[in-house]
K.L.:
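The following block contains the structure, expressed as C-alpha cells.
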Amino acid sequence: SKKKGLSFEEKRARMMEIFFETKDVFQLKDIEKIAPKEKGITSMSVKEILQSLVDDGMVDTDRIGTSNYFWAFPSKALHVRKRKLEDLESQFAESSQKKEALQKSIEKSKIGREDTAERAALMKELAALRQKKEQLRAEIDKYRECDPDVVEEMRQTNQVAKEAANRWTDNIFSIKSWAKRKFGFEESRIDKGFGIPEDLDYID
C-alpha cells in the first residue's frame with residue numbers, strides 16, 4: 001500500500017524536534033539537509049514549514065551579514081504555550097461576562113411584551129457565543145500534544161463556559177414554562193413570538 005505522507009502539523013512538530021534536540025542555530029540550507037534525512041520532511045516543503053513556525057513565534061530568526069539564522073529553545077516554546085493559554089482564558093472570561101449580562105437581561109424581560117427584535121438579537125448573541133466556544137474547543141485540540149497539564153486546565157475552563165451556556169438555556173425554558181402556566185400560551189406560539197428555535201436544547 002502507498003505510504004501516507006506527513007500532515008502539515010506533523011511536519012511542524014518534527015521540525016521543532018530538530019531545534020529542541022540539537023539546541024543549535026541553523027541556516028535554511030542546513031535545515032533542508034537535516035529535515036529529509038532525520039525527520040522525513042521533504043526538502044521542498046522545508047522553507048514553507050519553517051516560515052510558518054517563524055510566523056507563529058515558535059522559531060526565532062535573525063539576519064547576520066548576508067545570511068539568515070534560525071533557532072528555537074524549549075523554554076521559548078513553553079512561553080508561547082503559556083501566552084496562548086492566557087489568551088484563551090481571557091476570551092473565556094469575556095464570554096462568561098457576556099452570558100451573565102444576557103441572563104440578567106432575559107430575567108428582566110416581561111412575557112407578552114412585543115419585543116421580538118430584542119429576543120432575536122439575544123438568540124443571535126447566544127448562537128455567536130456557542131460558535132466561539134466551538135472555535136476555542138478546536139483551538140484547544142490543536143495544542144493537545146503540546147502540554148497535557150495546560151490542555152487539562154483549558155478543558156476545565158471550557159466546561160465552565162459550557163455550564164454557563166446551559167444555565168442560560170435553562171432560564172429560557174423556565175420563562176416558557178411560566179408563560180404557559182400564567183397565560184395559557186402554547187409552546188409553539190411562545191417560540192414563534194420571541195424567535196426561539198424549536199430545537200433549542202442543552203449542550204452535551
K.L.:
CD of E89 to CG of L136: how many Å apart, nearest 0.5 Å?
P.N.:
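Nearest 0.5 Å value for the CD-CG distance: 11.5 Å.
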K.L.:
Distance check, rounded to the nearest 0.5 Å: E17 atom CD versus I34 atom CD1?
P.N.:
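The CD atom of E17 sits 13.0 Å away from the CD1 atom of I34.
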K.L.:
Tell me whether R14 contacts the main-chain N or O of K39 through its side chain, where contact means a donor paired with an acceptor under 3.5 Å.
P.N.:
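Yes; at least one donor-acceptor contact below 3.5 Å.
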K.L.:
Which pair of heavy atoms, one from D201 and one from R130, lies closest together, and at what distance?
P.N.:
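Heavy-atom minimum between the residues: O-NH2, 3.3 Å.
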K.L.:
Would you say that D62 contacts N68 through its side chain, given a criterion of any heavy-atom pair below 4.5 Å between the two side chains?
P.N.:
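No - every pair of side-chain heavy atoms lies 4.5 Å or more apart.
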K.L.:
Between I41 and S45, which heavy-atom pair has the shortest distance, and what is it?
P.N.:
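Here I41 and S45 meet closest at CG2-OG, 3.5 Å.
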K.L.:
Output the distance between atom OG1 (T22) and atom CD (E38), rounded to the nearest 0.5 Å.
P.N.:
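CD of E38 is found 9.0 Å from OG1 of T22.
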K.L.:
How many angstroms lie between CG in D24 and CG in D30, if you round to the nearest 0.5 Å?
P.N.:
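CG of D30 is found 8.5 Å from CG of D24.
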K.L.:
Please confirm whether the backbone N or O of L53 pairs with a side-chain atom of D56, one donor and one acceptor, at under 3.5 Å?
P.N.:
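No, D56 side chain to L53 backbone: no donor-acceptor pair under 3.5 Å.
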K.L.:
Taking the side chain as C-beta and beyond, is there a heavy-atom pair between K11 and F8 under 4.5 Å?
P.N.:
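A side-chain contact is absent here, since even the closest heavy-atom pair is not under 4.5 Å.
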K.L.:
Could you tell me the separation between the CD1 atom of I49 and the CE atom of M16, rounded to the nearest 0.5 Å?
P.N.:
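If I round to the nearest 0.5 Å, the distance is 12.5 Å.
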K.L.:
For the CZ atom of R167 and the CG atom of L102, what is their distance to the nearest 0.5 Å?
P.N.:
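Interatomic distance, R167 CZ to L102 CG, rounded to 0.5 Å: 13.0 Å.
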K.L.:
Does S96 use its side chain to pair, donor to acceptor, with the backbone of F92 at less than 3.5 Å?
P.N.:
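No, the answer is negative, given that no donor and acceptor are paired below the 3.5 Å cut-off.
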K.L.:
Would E94 and K99 pass as an ion pair if we require N to O under 4.0 Å?
P.N.:
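Salt bridge absent between E94 and K99.
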K.L.:
Checking the side chain of E125 only, and the main-chain atoms of L122 only, is there a donor and an acceptor separated by less than 3.5 Å?
P.N.:
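No, because the side chain of E125 does not come within donor-acceptor range (under 3.5 Å) of the backbone of L122.
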K.L.:
Answer yes or no: is there a side-chain heavy-atom contact under 4.5 Å between S95 and K133?
P.N.:
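They are not in contact (no side-chain heavy atoms under 4.5 Å apart), so the answer is no.
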K.L.:
Checking side-chain polar atoms at under 3.5 Å, does S177 have a donor or acceptor matched by the opposite partner on S174?
P.N.:
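The criterion, which ignores hydrogens and geometry beyond distance, is not satisfied for S174 and S177.
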K.L.:
Would you say that K98 contacts L129 through its side chain, given a criterion of any heavy-atom pair below 4.5 Å between the two side chains?
P.N.:
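Sidechains of L129 and K98: in contact.
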K.L.:
Is the gap between the ring centers of F73 and F20 under 6.0 Å?
P.N.:
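That pair fails the under 6.0 Å test.
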K.L.:
Do K47 and L50 come within less than 4.5 Å of each other through their side chains, counting heavy atoms only?
P.N.:
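When only atoms from C-beta onward are counted, L50 and K47 do not touch, as no gap falls below 4.5 Å.
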K.L.:
Evaluate the side-chain proximity of K33 to K37: yes if any heavy-atom separation is below 4.5 Å, no if none is.
P.N.:
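K37 does not reach K33 side chain to side chain.
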K.L.:
For the ring pair (Phe, Tyr, Trp, His ring centres under 6.0 Å) test, which of Y69, F19, F70, W71 pairs with F26?
P.N.:
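So the option named by the test is F19.
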K.L.:
Closest heavy-atom contact between G40 and L6?
P.N.:
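So the two residues come closest at O-CD1, 3.5 Å.
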K.L.:
Do R12 and M58 make a side-chain contact, defined as non-hydrogen atoms from C-beta onward lying under 4.5 Å apart?
P.N.:
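Sidechains of M58 and R12: in contact.
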K.L.:
Looking at S67 and I64, would you say the former's side chain and the latter's main chain have a donor-acceptor pair under 3.5 Å?
P.N.:
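Between the backbone of I64 and the side chain of S67 there is no qualifying donor-acceptor contact (under 3.5 Å).
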K.L.:
Between E134 and R137 (salt bridge meaning N to carboxylate O under 4.0 Å), is one present in this structure?
P.N.:
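Salt bridge: yes.
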